[in-house]
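Just so it is clear, the values below take in all heavy atoms, side chains as well, and ignore hydrogens, waters and symmetry mates. Reminder, nothing fancy here: chain letters follow the sequence lines and each chain counts from 1.
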Amino acid sequence: MDSAPKTPVRTRFAPSPTGPFSVGNARTALFAWLYARRNGGTFLLRIEDTDMERSKPEYEEQIRDSLAWLGLNWDETPLRQSERRAVYEKYIKKLLEEKKAYFCFCSEEELEADRTAQLSQGLAPKYGGRCRSLTDEESARRAALEPHVIRFRMPQGSISFTDLIRGEVTFEADIIGDFIIAKDERTPLYNFAVVIDDEESAVTHVVRGEDHLSNTPRQIALQKALGFGTPVYAHLPLLLDAERQKLSKRRAQTSLLAYRHEGYLADAMFNFLLLLGWHPEGDEIVGRDEALKRFDLSRVQKAGAVWSDEKLSWMNAHYIRAMETSALLTELASFVPKAWQEKKELLAKAVGIEKERMKTLADFASRAGFFFELPDYPPDMLFWDEKPDESKENIRALHAALEETLTFTPEFLTATLEARAKETGKGAAYWPFRVALSGEQSSPGGIEIALALGREETLRRLEIAIEKVEA
RNA sequence: GGCCCCAUCGUCUAGUGGCCUAGGACGCUGCCCUCUCACGGCGGAAACUGGAGUUCGAAUCUCCAUGGGGUCACCA
């Protein structure tokens with residue numbers, strides 16, 4: 001592979017449990033996982049729950065469920081940042097002692113005022129440095145009395161790194177300013193916790209969304225200040241909505257598990273997500289094994305990718321069609337009414353027939369009802385085209401023919417229908433038969449349905465049709 | 001607004017100086033198959049953002065412009 005790393009790969013996926021697990025998260029996880037697995041490396045999961053107010057246990061559970069559903073297994077015990085306050089404290093104190101960080105007493109109102117002032121002057125908003133050069137004594141004295149946060153003393157110069165996807169990227173440290181790394185000695189903020197955890201977990205490759213690109217120089221500056229190494233970065237293009245904005249919960253459905261509940265297959269989602277930013281050389285249908293063999297970050301697109309429900313839907317239908325009926329039956333379990341489950345044989349046949357027609361697993365329940373219970377339908381639905389008389393006649397004739405024999409095979413049914421078709425035209429033979437069995441304007445073929453229903457039920461439905469046309 | 005990233009059909013993309021009359025997939029669409037639906041088969045419309053370079057030759061390299069996006073929190 002062309003971008004094979006030299007050292008054993010250790011990468012991680014680090015979501016925060018502050019909301020439903022999104023498809024964007026899933027795509028990031030997928031690419032990181034593929035990169036790790038593809039290179040025989042380690043894939044770690046880390047829960048970034050430093051924001052105690054917004055983090056919820058149910059969202060953490062959703063992260064695990066989502067990854068498990070997609071088959072993205074992780075190694076080692078996941079780190080949970082909320083449990084690592086003592087670790088962060090150690091490093092925060094170290095930076096404080098080394099004067100690489102300092103207490104800041106500015107109020108939020110003051111900062112907000114600074115920010116608007118800078119913005120109105122056309123400047124990049126950044127911390128002005130009011131507390132930067134407080135003496136130790138003053139700092140200590142005020143710390144005992146006033147609320148304060150901890151800022152990192154951003155060194156001068158420029159910060160460059162080589163991104164696996166974008167190449168060399170450079171930021172000027174000067175425009176970043178002294179950012180806040182912790183609310184207090186034990187409460188780190190995102191950029192700080194990330195640096196500590198990546199170091200302690202010996203992460204070699206960070207694969208994450210492009211929205212983190214501008215955090216990278218901050219993190220690198222912290223790494224340098226702490227004497228840590230810098231991992232290799234790969235910033236994935238963002239997933240966009242139809243308006244080309246970052247996919248967000250407010251504008252579109254983004255919950256991964258919502259797709260699952262709508263009846264999307266994990267394999268289809270996997271394949272679809274894979275195609276958002278990466279492309280195989282040949283066929284777009286790429287399963288897990290194939291992806292593991294061929295995935296390469298160097299082939300990842302740089303520009304954002306717009307989400308397409310249409311293509312996902314097509315992909316899902318494709319995977320459903322390709323699936324063995326028995327396997328599909330298993331997937332369908334939670335989508336099928338109890339009553340249908342009990343008619344095992346009929347259910348299996350119905351699934352086999354509807355397989356070609358469903359786009360989602362949920363479609364089955366809304367499509368296949370007629371197999372289990374004939375819906376009521378208007379009598380004239382039975383009439384083909386302008387041939388009501390022939391249609392009536394054919395229903396009776398078909399009923400009579402089927403009643404006369406116990407032979408109930410595809411060949412027999414075809415022969416019987418064809419015989420009528422010769423007399424009255426194909427439509428007048430097949431259409432009424434199919435409608436009598438399905439009660440629907442459109443449905444699978446009559447013979448297919450008849451074979452699924454069996455002789456007895458077929459006759460019964462034909463009798464209902466006869467009653468209807470005679471009424 | 002500053003900084004950073006990006007730019008091929010509506011969408012996902014192939015394409016790394018000649019193989020491009022720009023290929024595939026989804027979607028759209030015409031025809032075929034056909035009792036309806038679906039599947040399938042064969043076609044079609046549909047793109048290199050613009051300009052200036054470099055070069056014998058640019059979708060491919062450079063620069064500028066334009067456009068889009070991300071980010072500028074005591075969120076992550």
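- Using a cutoff of 4.0 Å between basic side-chain nitrogens and carboxylate oxygens, A:R46 and A:E200 are not scored as salt-bridged.
- Using C1' as the reference atom, B:C19 and B:A59 are 15 Å apart when rounded to the nearest Å.
- Ranking B:U36, B:A76, B:G70 by closeness to the A:D211 side chain, first place goes to B:G70.
- By the ring-ring contact (aromatic ring centres under 6.0 Å, His included) test, A:F335 is found to be paired with no residue, residues two or more places apart in sequence or in another chain being considered.
- Rounded to whole Å, the separation between the P atoms of B:A73 and B:U62 comes to 33 Å.
- For the pair A:E281 and A:R294, the salt-bridge criterion is not met [side-chain N within less than 4.0 Å of a carboxylate O].
- Stacking of A:K426 on the aromatic ring of A:Y430 is recorded, both the 6.0 Å distance cut-off and the 45° axial limit being met.
- Note that A:K468 lies in the cation-pi zone of A:Y377, set by a 6.0 Å cut-off to the ring centre and a 45° limit from the axis.
- In this structure, A:I285 atom CD1 and B:G24 atom C1' are separated by 13 Å, rounded to whole Å.
- Under a cutoff of 6.0 Å and an axis angle of 45°, A:R151 and A:Y127 form a cation-pi pair.
- Taking atom CZ of A:F179 as the reference point, atom P of B:A76 lies 13 Å away to the nearest angstrom.
- The separation of B:C9 from B:U49, taken at their C1' atoms, amounts to 14 Å, rounded to a whole angstrom.
- A cation-pi arrangement is present between A:R288 and A:F270 under the rule of less than 6.0 angstrom and at most 45 degrees off the ring axis.
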Protein-nucleic acid N or O pairs under 3.5 Å, nucleotides 5-14 of chain B:
{"from": "B:C5", "atom 1": "O2'", "to": "A:R166", "atom 2": "NH1", "distance (Å)": "2.5"}
{"from": "B:C5", "atom 1": "O2'", "to": "A:E210", "atom 2": "OE2", "distance (Å)": "3.1"}
{"from": "B:C12", "atom 1": "OP1", "to": "A:R244", "atom 2": "NH2", "distance (Å)": "3.4"}
{"from": "B:C12", "atom 1": "OP1", "to": "A:V306", "atom 2": "N", "distance (Å)": "3.0"}
{"from": "B:C12", "atom 1": "O2'", "to": "A:L275", "atom 2": "O", "distance (Å)": "2.7"}
{"from": "B:U13", "atom 1": "OP1", "to": "A:G277", "atom 2": "N", "distance (Å)": "2.7"}
{"from": "B:U13", "atom 1": "O2'", "to": "A:H279", "atom 2": "ND1", "distance (Å)": "3.1"}
{"from": "B:U13", "atom 1": "O2'", "to": "A:H279", "atom 2": "NE2", "distance (Å)": "3.1"}
{"from": "B:A14", "atom 1": "OP2", "to": "A:Q301", "atom 2": "OE1", "distance (Å)": "3.0"}

Pick out the pairs of N or O atoms, protein on one side and nucleotides 63-66 of chain B on the other, that lie under 3.5 Å.
none

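- Side-chain contact, A:Q223 with A:T230: a donor N or O sits under 3.5 Å from an acceptor N or O.
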Could you walk me through whether A:R420 and A:E393 pass salt bridge (charged side-chain N to carboxylate O under 4.0 Å, His left out), step by step? CA-CA 9 Å; A:R420 295 312 312 161; A:E393 180 193 334; 2.9 Å; yes

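- When the C1' atom is compared between B:U11 and B:C33, the two are found 30 Å apart, to the nearest whole Å.
- Residue A:G445 is classed as a base contact, given a heavy-atom separation below 4.0 Å to a base.
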List the steps, then state whether ring-ring contact (aromatic ring centres under 6.0 Å, His included) holds for A:Y35 with A:F43. CA-CA 9 Å; A:Y35 186 71; A:F43 178 68; over 10 Å; no

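- Taking the side-chain hydrogen bond (donor to acceptor under 3.5 Å, both in side chains) definition, one finds that A:R186 meets it with A:E89, sequence neighbours left out.
- B:C20: no Watson-Crick or G-U partner with both key distances under 3.5 Å is found in any strand.
- Between the CD atom of A:E418 and the C1' atom of B:U34 there is a distance of 12 Å, rounded to whole Å.
- Regarding A:D283, its CG atom lies at a distance of 13 Å from the C1' atom of B:C26, rounded to whole Å.
- In terms of phosphate contacts, A:Q118 brings no side-chain nitrogen or oxygen within less than 4.0 Å of OP1 or OP2 of B:G2.
- Atom CD1 in A:I449 sits roughly 14 Å away from atom P in B:U36 (whole-Å rounding).
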Pairs under 3.5 Å (N/O, protein and nucleotides 72-75 of chain B):
{"from": "B:C72", "atom 1": "O2'", "to": "A:P125", "atom 2": "O", "distance (Å)": "3.0"}
{"from": "B:A73", "atom 1": "OP2", "to": "A:R115", "atom 2": "NE", "distance (Å)": "2.8"}
{"from": "B:C75", "atom 1": "OP1", "to": "A:K183", "atom 2": "NZ", "distance (Å)": "2.8"}
{"from": "B:C75", "atom 1": "O2'", "to": "A:D51", "atom 2": "OD2", "distance (Å)": "2.9"}
{"from": "B:C75", "atom 1": "O2'", "to": "A:R54", "atom 2": "NE", "distance (Å)": "3.4"}
{"from": "B:C75", "atom 1": "O2'", "to": "A:R54", "atom 2": "NH2", "distance (Å)": "2.5"}
{"from": "B:C75", "atom 1": "O2", "to": "A:R54", "atom 2": "NH2", "distance (Å)": "3.3"}

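- Two residues, A:F171 and A:E310, neighbour RNA chain B, and the one matched to the more 5' nucleotide by heavy-atom proximity is A:F171.
- Here B:C3 presents its P atom at 17 Å from CZ of A:F161, a figure rounded to the nearest Å.
- Note on A:H235: nothing from the nucleic acid sits closer than 4.0 angstrom, heavy atoms only.
- Classification of A:D363 and A:R357 as a salt-bridged pair fails, no side-chain N sitting under 4.0 Å from a carboxylate O.
- Applying the ring-ring contact (aromatic ring centres under 6.0 Å, His included) test between A:F272 and each of A:Y264, A:W307, A:Y319 identifies A:W307 as the sole match.
- With a 3.5 Å ceiling on both atom-pair distances, the Watson-Crick or G-U wobble partner of B:G43 is B:U29.
- A:R208 places its CZ atom 17 Å from the P atom of B:G70, with the value rounded to the nearest Å.
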Going 5' to 3' through nucleotides 38-46 of chain B, assign each nucleotide B (protein heavy atom under 4.0 Å from a base atom), S (under 4.0 Å only from sugar-phosphate atoms) or - (no protein heavy atom that close). BSS------

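- Base-pair partner of B:U66: B:A7 (Watson-Crick or G-U wobble, both distances under 3.5 Å).
- When the P atom is compared between B:G50 and B:U60, the two are found 10 Å apart, to the nearest whole Å.
- Taking atom C1' on both nucleotides, B:G70 is separated from B:G18 by 37 Å, rounded to a whole Å.
- Separating the OH atom of A:Y430 from the C1' atom of B:C33 is a distance of 14 Å, rounded to the nearest angstrom.
- Look at B:U71: its Watson-Crick or wobble partner, with both distances under 3.5 angstrom, is B:G2.
- Both distances falling under 3.5 Å, in either a Watson-Crick or a G-U wobble arrangement, occur for no nucleotide opposite B:U55.
- A:D267 contributes atom CG, which lies 10.0 Å from atom CG of A:N316 (distance to the nearest 0.5 angstrom).
- Of the C1' atoms belonging to B:A52 and B:A46, the separation is 29 Å, rounded to the nearest Å.
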Going through the checks in order, is the salt bridge (charged side-chain N to carboxylate O under 4.0 Å, His left out) test met by A:D114 and A:R130? CA-CA 11 Å; A:D114 288 352; A:R130 203 174 357 243; 2.9 Å; yes

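- Here A:K246 does not reach the OP1 or OP2 of B:G69: none of its side-chain N or O atoms lies under 4.0 Å away.
- When the P atom is compared between B:A45 and B:A7, the two are found 28 Å apart, to the nearest whole Å.
- The shortest side-chain heavy-atom distance between A:Y102 and A:D178 falls under the 4.5 Å cut-off.
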